[in-house]
Amino acid sequence: MKTPKYKTSTPIDLPDRQWPSKTLTASPAWCSVDLRDGNQALPNPMDPEQKLEYFQLLCKIGFQEIEVGFPSASQDDFDFFRQLIEHDHIPTDTFIMGLTQCRPHLIKRTFEAFKGVKQGIVHAYIASSDLHMKQVFKMDRDDTLKSAVESTRQIRELADAQPGSDIRYEFSPEEFTDTDPEFCLELCKAVFDAWGKASPEKPMILNLPATVERRPPNHYADMVEWFCANFPHRDCVKISLHSHNDQGMAVAATELALLAGADRVEGTLFGHGERTGNVDLVTVVNNLFSRGIETGLDFSDLGRVAETVERLTGMPIYYRQPYAGEYAFTAFSGSHQDAINKGMHQLDKTGELFGMRWKVPYLHVDPVDLGRSFERLIRINSQSGKGGIAWVLEQEYGIEIPKAMQPQLREEVQAYSDDAAREITAKEVYAIFDKQFVKPDAPFELVAYWPRPDDQDPTFIHGEVKLKIQGLEKTAIADGNGPISAFVNAVREAVGIDFCVNDYHEQAIGKGADAQALAYVPLKLKDNGVVFGVGSDSNIDQAAAKAIIAGLNRIAKKQES
Ligand code: KIV
Ligand code: ZN
């Protein structure tokens with residue numbers, strides 16, 4: 001039989017696996033590898049000044065373990081370690097971490113970089129997969145074991161020679177997911193023994209990388225659960241995850257492996273890192289946050305974090321990136337917009353209905369918690385719905401379009417955006433509202449309306465309406481039960497359109513002396529059609545009169561076309 005080019009990876013035998021029925025309830029520890037795995041994969045790696053700004057950003061977010069480079073591999077990284085330590089840039093609660101291969105001269109150089117550090121993690125790695133051992137390093141398992149153990153002893157010795165520093169140890173069997181689990185266990189046990197000073201208070205970190213995502217997330221979880229169950233000194237080690245995203249499942253792999261018992265996660269902001277990147281910590285952390293888990297990291301100003309990372313890495317964040325992408329919380333489609341609008345207006349009921357303060361259709365998390373304002377939530381194009389358009393006017397301009405008027409506004413917005421063939425801005429939506437409903441084109445113009453209460457019965461109104469019709473001034477007598485009814489009687493006669501007004505909706509915009517009334521008036525026609533007009537004035541009766549004239553102009557325009 002011909003050898004296949006690819007084949008399915010075999011899962012380990014774990015019939016009594018526990019992770020599928022577990023729920024994550026507490027946060028793991030987090031380690032940012034942005035300045036090492038992330039930086040080494042940038043087309044233009046950051047300069048020292050940029051790295052320092054990035055480091056300070058990570059500290060501000062709350063990372064307490066930060067891998068800042070590979071000091072034996074590059075002078076820049078070495079100098080950066082020295083800069084952080086000598087210029088006291090490291091917060092007291094933070095460990096800086098440096099990567100090294102298991103080679104004596106590189107380990108020695110790493111410790112030179114760490115000189116004087118208060119809290120550091122030396123991170124040694126060795127390839128443990130047969131693929132790497134055989135093809136890249138021409139080593140066998142014994143060679144690998146020997147090299148890892150000797151290197152660990154050297155690290156222990158050098159760490160002991162720096163008694164003023166709290167130096168911890170992390171060991172990574174590279175390509176853990178492509179490594180024979182039994183061999184990996186043997187290797188990690190031997191390294192643990194060689195380190196010889198791990199304790200529950202100062203645990204050693206065993207980092208199990210899915211260096212290349214060769215397996216589905218459930219295989220990774222199985223391997224981690226098996227490893228945790230079989231490692232003999234579980235309370236003296238932190239089991240750490242380090243997944244890359246080659247098959248696009250790094251977040252899933254991380255979450256399942258946490259269920260499987262891991263305690264710590266390494267990754268980068270927005271998933272920078274080799275090839276398709278490391279696991280995106282912004283996504284993993286905020287997934288946990290959205291389930292009510294306290295993560296210890298602060299992404300309440302995610303926009304600033306995203307802007308800083310984009311600027312320093314020179315790499316843009318994709319529009320649809322979870323949480324941070326421009327469209328992460330944006331609804332374009334009408335049905336989604338409508339649902340969001342309804343959900344947002346009923347937030348006061350979610351506690352009672354669902355036992356949580358936030359449950360909104362199409363928004364699994366409150367964008368405000370990430371510092372995102374609502375103005376970009378609903379974006380308007382020709383597919384947008386009435387609810388979404390109303391939402392935009394309400395959020396941006398405080399204008400509350402009555403439900404019955406929303407379809408008419410939508411029709412106008414749709415005609416405009418069809419014509420424009422693009423997304424339109426909130427400003428344009430407002431301009432459509434203003435042009436089509438508040439100030440539609442003549443023929444009718446209200447010059448003045450003076451309503452006066454009857455001397456005997458003040459509820460009855462006498463008055464005069466001055467109008468311009470096609471530019472010609474006309475005066476009509478306004479008599480009726482109330483100012484609006486009197487105005488309607490006068491105008492109906494004068495313009496020759498049969499309509500009535502049964503009710504209308506009013507709203508105050510602004511406060512105090514500057515307050516304006518907005519009147520939304522539905523004009524009911526003989527054929528039962530309804531046309532809305534909107535008027536604005538400091539006096540509510542005048543606002544309603546203006547709205548009626550605006551509605552009549554809309555009717556005249558429709559009759560024309
Ligand atoms: O992806 C990987 O395996 C690594 C190791 C050095 C931990 O980055
Ligand atoms: Zn990596």
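Both counts, for ligands and for their atoms, begin at 1 and track the order of listing. Keep in mind that this is a model prediction, so the values were computed, not measured. Just so you know, residue 1 is the first one in the sequence shown, and it goes up from there.
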**OP:** Taking only Lys NZ, Arg NE, NH1 and NH2, and the carboxylate oxygens of Asp or Glu, determine whether D193 and K189 approach each other closer than 4.0 Å.
**Re:** no

Original post:
Would you say D37 has an N, O or S atom lying under 2.8 Å from the Zn ion (ligand 2)?
Top reply: yes

Original post:
Of all the non-hydrogen atoms in the protein, which one sits nearest to atom 5 (C) of ligand 1, and at what distance?
Top reply: R36 NH2, 4.1 Å

**OP:** Check the pair E112, R109 against salt bridge (charged side-chain N to carboxylate O under 4.0 Å, His left out), reporting the backbone distance first and the verdict last.
**Re:** CA-CA 5 Å; E112 281 161 20; R109 179 86 174 141; 3.4 Å; yes

**OP:** Could you find the nearest protein heavy atom to atom 3 (O) of ligand 1 and give me its residue, atom name and distance?
**Re:** T211 OG1, 2.6 Å

Original post:
How far is atom 4 (C) of ligand 1 from its nearest protein heavy atom, and which residue and atom name does that atom have?
Top reply: H242 NE2, 3.5 Å

Subject >> Numbered atoms of ligand 1 (with element) below 4.0 Å of S172, judged on heavy atoms >> reply: 7 (C)

Original post:
Do any N/O atoms on Y125 end up under 3.5 angstrom from N/O atoms on ligand 1?
Top reply: no

Original post:
Can you find a pair of side-chain heavy atoms, one from I155 and one from W195, that are under 4.5 Å apart?
Top reply: yes

Subject >> Rounded distance (nearest 0.5 Å) linking atom NE2 of H345 with atom CH2 of W391 >> reply: 6.5 Å

Subject >> Check against salt bridge (charged side-chain N to carboxylate O under 4.0 Å, His left out), R141 and E186 >> reply: CA-CA 10 Å; R141 292 182 178 191; E186 185 189 351; over 6 Å; no

**OP:** May I ask you to list the atoms of ligand 1 that are less than 4.0 angstrom from any heavy atom of E174?
**Re:** 3 (O)

Original post:
Quick one: do E170 and R168 make a salt bridge, cutoff under 4.0 Å?
Top reply: no

Original post:
Which atoms of ligand 1 have any heavy atom of H244 under 4.0 Å away?
Top reply: 1 (O)

